[in-house]
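What follows is one structure encoded as structure tokens, with my remarks underneath.
Nothing here was measured: the structure is a model prediction, and the numbers come from that model.
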Amino acid sequence: MSWTYRLKPELFDLNYTLDCGQVFRWGQEGDWWTGVVGDHVIRLSQDQDRLIVDSKLSPEFLTRYFRLDDNLPSIYESINRDLLIDRAIHKYRGLRLIRQDPWECLISYMLSTASSIPTIQKRIFLLSQFFGQELEPGYFSFPTSETLANADLAELDKCKLGFRTQNVKAAAQAAASGELDLDVLIRLEYKYARERLMRLRGVGEKVADCVLLFAFEKMEAFPVDTHIRQIIQHYHIDDSYFETCTNMSCMGDWGREYFGQYCGYAQEYLYYQKRMEGFLSLY
DNA sequence: CGCCAGGGCCCCA
DNA sequence: TGGGGCCATGGC
């Protein structure tokens with residue numbers, strides 16, 4: 001039941017795409033990645049130009065999920081502004097943003113605040129284990145907003161969400177009641193969608209930008225987390241701007257102006273490069 | 001023990 | 001308006 005999806009290896013790299021920190025529900029064992037997407041447990045492996053798919057999925061599903069419809073060379077050209085990003089897009093060529101489910105993405109990044117990636121992964125696993133449906137042994141769907149809206153706080157606390165517990169429940173109640181309509185949100189411009197998301201407790205500029213970038217088609221979102229802040233401060237990428245740019249909000253504005261309409265892609269490459277290799281000496 | 005991790009919120013000058 | 005303290009949790 002496994003089949004092969006042919007692609008150009010320089011235009012897609014499965015390992016970079018799933019390892020770069022944008023998704024939290026994939027695990028790697030040997031050459032194979034296993035993850036839960038919607039109600040599917042998916043197993044994937046890449047060998048050069050062959051993406052081996054051990055799941056009942058359509059090519060269209062994979063095209064959509066992995067944004068294979070994005071013109072990567074064109075995006076590279078538009079964001080390639082300096083040596084640092086040039087190195088990142090060559091070294092990590094084929095890394096693509098993923099189209100995530102809006103609801104799962106929102107909660108996932110609400111759970112990401114001031115936490116390491118393994119901790120975030122653990123919270124999402126526990127949340128799915130306690131409140132999702134078991135799809136196959138050990139793999140659970142992400143809980144619906146209705147389920148989380150009705151969960152009591154003591155049960156939610158078992159998922160080790162810390163101070164985020166109340167915020168998650170409140171967001172779930174907003175989504176379940178229709179007060180927060182993610183289907184409407186997706187049609188709004190970046191600025192207005194961002195303002196709406198930030199009205200949720202526990203969603204600031206960074207979390208909103210992650211959700212907009214990874215689930216709402218807003219390639220112009222530029223999430224400024226601790227790594228991006230350190231990169232901007234360390235390299236002084238743009239001296240003229242750097243003088244007056246010290247806080248997170250300003251750094252987001254800077255990223256949007258500097259890298260342009262696909263700055264979200266630039267952000268992901270810089271973020272992954274920094275996480276993998278730390279600071280680099282480029283000269 | 002302290003510090004940091006894909007932060008956000010509240011308070012206060 | 002912006003900077004510091006605080007918020008749970010886990011890893012080092």
Practice problem: Describe the nucleic acid contact of A:L111 in one word from base, sugar-phosphate, nothing, applying a heavy-atom distance below 4.0 Å. | Solution: nothing
Self-check item: side-chain N/O A:R201 vs B:dC10 OP1/OP2, d < 4.0 Å
Solution: yes
Practice problem: Would you mind classifying the nucleic acid contact of A:E205 as base, sugar-phosphate or nothing, using non-hydrogen atoms under 4.0 angstrom? | Solution: sugar-phosphate
Quiz item: Rounded to the nearest Å, what distance is computed from the CG atom of residue A:L106 to the P atom of nucleotide B:dG8?
Solution: 12 Å
Quiz item: Are A:E220 and A:K191 ion-paired here, with the side-chain N under 4.0 Å from a carboxylate O?
Solution: no
Quiz item: How would you label the contact of A:K206 with the nucleic acid (heavy atoms, under 4.0 Å): base, sugar-phosphate, or nothing?
Solution: base
Practice problem: Would you indicate which nucleotide in B:dG7, C:dG10, B:dC10 comes nearest to any side-chain atom of A:T119? | Solution: C:dG10
Exercise. Compare all side-chain heavy atoms of A:F142 with those of A:I124 and state whether any distance is below 4.5 angstrom.
Key: yes
Practice problem: Would you mind reading off the distance between A:N247 atom CG and C:dG4 atom P, rounded to a whole angstrom? | Solution: 12 Å
Practice problem: To the nearest Å, give me how far apart CZ (A:R123) and P (C:dA8) are. | Solution: 12 Å
Quiz item: Contact class for A:G202 (heavy atom, under 4.0 Å): base, sugar-phosphate, or nothing?
Solution: sugar-phosphate
Practice problem: Using the P atom as the reference point in each nucleotide, state the distance between C:dG2 and B:dA5 in Å, no decimals. | Solution: 23 Å
Self-check item: Distance in angstrom units between A:I120 CD1 and C:dG10 C1', rounded
Solution: 12 Å
Quiz item: Which part of the nucleic acid does A:R164 contact within heavy-atom distance under 4.0 Å: base, sugar-phosphate only, or nothing?
Solution: base
Quiz item: So does A:S116 get a side-chain nitrogen or oxygen closer than 4.0 Å to the phosphate oxygens (OP1/OP2) of C:dG11?
Solution: no
Quiz item: Is a salt bridge present between A:E189 and A:K218, judged by a nitrogen-to-oxygen distance below 4.0 Å?
Solution: no
Practice problem: With the side chain counted from C-beta on, respond yes when A:Y109 and A:K206 share a heavy-atom pair under 4.5 Å apart, and no when they do not. | Solution: yes
Quiz item: Can you tell me how far P of C:dT9 sits from NZ of A:K158, to the nearest Å?
Solution: 15 Å
Self-check item: Inter-nucleotide P distance (C:dA8, B:dC11), Å rounded
Solution: 16 Å
Quiz item: Base, sugar-phosphate, or nothing for A:E268, non-hydrogen atoms under 4.0 angstrom?
Solution: base
Self-check item: Opposite nucleotide pairing with C:dG11, Watson-Crick or G-U, both atom distances under 3.5 Å
Solution: B:dC3
Quiz item: Does any nucleotide pair with C:dT1 by Watson-Crick or G-U wobble geometry, both distances under 3.5 Å, and what is it?
Solution: B:dA13
Quiz item: What about the rings of A:Y269 and A:Y76, do their centers lie closer together than 6.0 Å?
Solution: yes
Quiz item: Nearest-Å distance, CE (A:M110) to C1' (B:dC9)?
Solution: 13 Å
Quiz item: Just checking A:S115: base, sugar-phosphate only, or nothing, at a heavy-atom cut-off of under 4.0 Å?
Solution: base
Practice problem: Indicate yes or no: at least one non-hydrogen side-chain atom of A:I186 is less than 4.5 angstrom from one of A:L182. | Solution: no
Quiz item: Within the structure, does a side-chain N or O atom of A:Q121 lie under 4.0 Å from either OP1 or OP2 of C:dG10?
Solution: no
Quiz prompt | Atom pair distance, as rounded to whole Å: CG in A:D225 and P in B:dA5 | solution = 9 Å
Practice problem: Select from A:F24 and A:N167 the residue whose nearest nucleotide in DNA chain B is closer to the 5' end of that strand. | Solution: A:F24
Practice problem: Check whether any side-chain N or O of A:K122 sits under 4.0 Å from OP1 or OP2 of C:dG10, and answer yes or no. | Solution: yes
Quiz item: What is the distance from CG of A:L161 to P of B:dG8, rounded to the nearest Å?
Solution: 17 Å
Self-check item: Closest to the A:F163 side chain, choosing from C:dC7, C:dT9, C:dG2
Solution: C:dC7
